[in-house]
Amino acid sequence: MKRNPMALIYTGLLCVLCLAAASACRQDMHDQPRAEPFEESDFFGDRRSVRPAVEGTIARGHLRLDEHFYTGRIDGALATTFPAAVTIEMLKRGQERYDIYCAPCHSKTGDGLGMIVQRGMRQPESFHSQRLLDVEVGHYFDVVTNGFGTMYSYEERIDPADRWAIAAYIRALQMSQGANLAELPESDQQRIQQIVEVEE
Amino acid sequence: MPQIFSPAANTWLKASIVGGALLLATTFGVIFYLGSTSYVTRQHQVRPQPVPFSHRHHVNQLGIDCRYCHASVETSAFAGLPPTKTCMSCHSQVWTDAPMLEPVRDSYATGVSLEWTRVHDLPDYVYFDHSIHINKGIGCESCHGAVNEMALMWQEESLQMMWCLECHRGPEDFIRERADVYKFESQPDYSAPMDQSALGAQLIRGYRVNKDQLEDCSICHR
């Protein structure tokens, strides 16, 4: 009984190919029958695996009773005060959030000439206009929550505490643009002097 | 009775032992190699999308922060894919009649989701969490590459386990200041540290990265 040595080689190669092919076929562990966020579903009619909450649903721990904190209003009128004391941490958080979500249009200084405005978005009013300097702080909270004019609501992306932080930071921006050089701390005065010297 | 084994049988036996071992090694080698090719990992492949969204334009040219759209990246496992409303918060005003954005306007008008093709898809037995990586100072760029320069999105890394382990075994080579997490090396406002290993060691202490845990199976597979 004599075997053709070539047959052995061919059989071997075939085995290698079959194994390689098989290794790429089984994806059951890769794609388990559970829905990942935003994964397509072939079960629901709208093909979303995520079910929209029934209107009026309140998640446990999310009952919003504090009108001032959650709506920026007190007895229906725009609040003139913050629901909690403004701290430096809150201002820093506000600055970070403002730079992410607001600066694209309102610009980092709040003059309303952000990059998206330069690309065709309608120019928002400057935060340094007399009307916006005088407006109740609750107005800023309300606009982030509900939108204003061409600005959409940012309710889903900015939670209430961050909206207050942004409102506080807008107040800080407003103060910064009208600040008196002599009232600034020594170190800031020196920094401004350096910048002025460089620019001259 | 004739001889069962021919005079060449000894040679054949030895050859088959060596050959068998070689065959086995080759088989695993080929499978391993095929598994790491971009054909399988889908690395560097641009996938078809309903809208040719350009990260380069939105990040580099417009300066929009990652979190403007990927809003849940700091607080949840999932970075967050923006709802159509996020696109429309600018595109209701800007490029309002661009044919390219027709699917976005349609989606907003009808409430039917845009069906994006997922580019980074880990196996379901990996419990990856964006928030922990972000909060411990791993930059977007470390895993997603220079997204700020991608006109169309692709997967920069293999996303294979040995790639994950490169960093889980030596996070000090990749860890950044939290303030630099959303920056990209090619952007002017990012300056790479002078001494990454010194900064890395310092940040690992500062951010309390528990290196002893990072190679545990259960850190990713639950």
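Being a predicted model, the structure only gives us computed values, none of them experimental. Below, all heavy atoms of this structure are taken into account, side chains as well, without hydrogens, waters or symmetry copies. Residue numbers start from 1 in every chain, and the chains themselves are labelled A, B, ... in the order their sequence lines are given, proteins ahead of strands.
- Under a cut-off of 6.0 angstrom, the local environment of CG in A:Asn180 is crowded, with over 12 non-hydrogen atoms contributed by other residues, nucleotides or ligands.
- In summary, the side chains of B:Ser113 and A:Arg47 do not present any donor paired with an acceptor at a separation below 3.5 Å, with no hydrogens or angles considered.
- In the displayed structure, A:Phe44 atom CZ is contacted under 6.0 Å by more than 12 heavy atoms of other residues, nucleotides or ligands.
- Rounding to the nearest 0.5 Å gives a distance of 12.5 Å between CH2 of B:Trp116 and CZ of A:Phe38.
- Contact tally against chain A (heavy-atom pairs below 4.5 Å) for B:Met88, B:Gln61, B:Arg118: the top residue is B:Met88.
- Contacts between A:Glu156 and chain B at a heavy-atom distance below 4.5 Å involve the side chain alone, from C-beta outward.
- Using a 4.5 Å cut-off between heavy atoms, B:Phe78 contacts chain A through its side chain alone, with no backbone atom that close.
- A:Arg119 places a side-chain heavy atom less than 4.5 Å from the side chain of B:Leu62.
- The SG atom of B:Cys90 sits 11.0 Å away from the CE atom of A:Met151 when rounded to the nearest 0.5 Å.
- With rounding to the nearest 0.5 Å, the separation of CD in B:Gln93 from CZ in A:Arg122 is 7.5 Å.
- Of the atoms belonging to B:Val112, it is backbone heavy atoms, and not side-chain ones, that fall under 4.5 Å from chain A.
- Annotation: maximal heavy-atom pairing with chain B below 4.5 Å, among A:Arg48, A:Glu39, A:Gln118, A:Met115, occurs at A:Arg48.
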Exercise. Mind running side-chain contact (heavy atoms from CB on, under 4.5 Å) on B:Asp124 and A:His30 for me, showing each step along the way?
Key: CA-CA 5 Å; B:Asp124 284 1; A:His30 255 260; over 6 Å; no
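- Ion pair A:Glu96/B:Arg67 flagged as a salt bridge, since at least one NZ, NE, NH1 or NH2 atom sits closer than 4.0 Å to an Asp/Glu carboxylate oxygen.
- In this structure, B:Ser89 OG and A:Ile116 CD1 are separated by 9.0 Å, a value rounded to the nearest 0.5 Å.
- For B:Arg208, the CZ atom is loosely surrounded, since the number of other residues' heavy atoms within 6.0 Å does not exceed 12.
- For the atom pair OG1 of B:Thr86 and OH of A:Tyr152, the computed distance is 10.5 Å after rounding to the nearest 0.5 Å.
- Between A:Arg97 and B:Glu74 there is a salt bridge, since a side-chain N of the basic residue sits under 4.0 Å from a carboxylate O of the acidic one.
- Side-chain atoms of B:Tyr125 never come within 3.5 Å of backbone atoms of A:Gln32 as a donor-acceptor pair (strictly under, hydrogens ignored).
- Open room surrounds CZ on B:Phe32; 12 or fewer heavy atoms of other groups in view lie less than 6.0 Å from it.
- At most 12 heavy atoms of other shown residues, nucleotides or ligands fall within 6.0 angstrom of atom CZ in B:Arg42.
- B:Ala71 and A:Arg157 make their closest contact through CB-CG, 3.6 Å (heavy atoms, listed as atom of the first residue, atom of the second, distance).
- For chain A, the nearby part of B:Ile64 is the side chain; its heavy atoms alone come within less than 4.5 Å.
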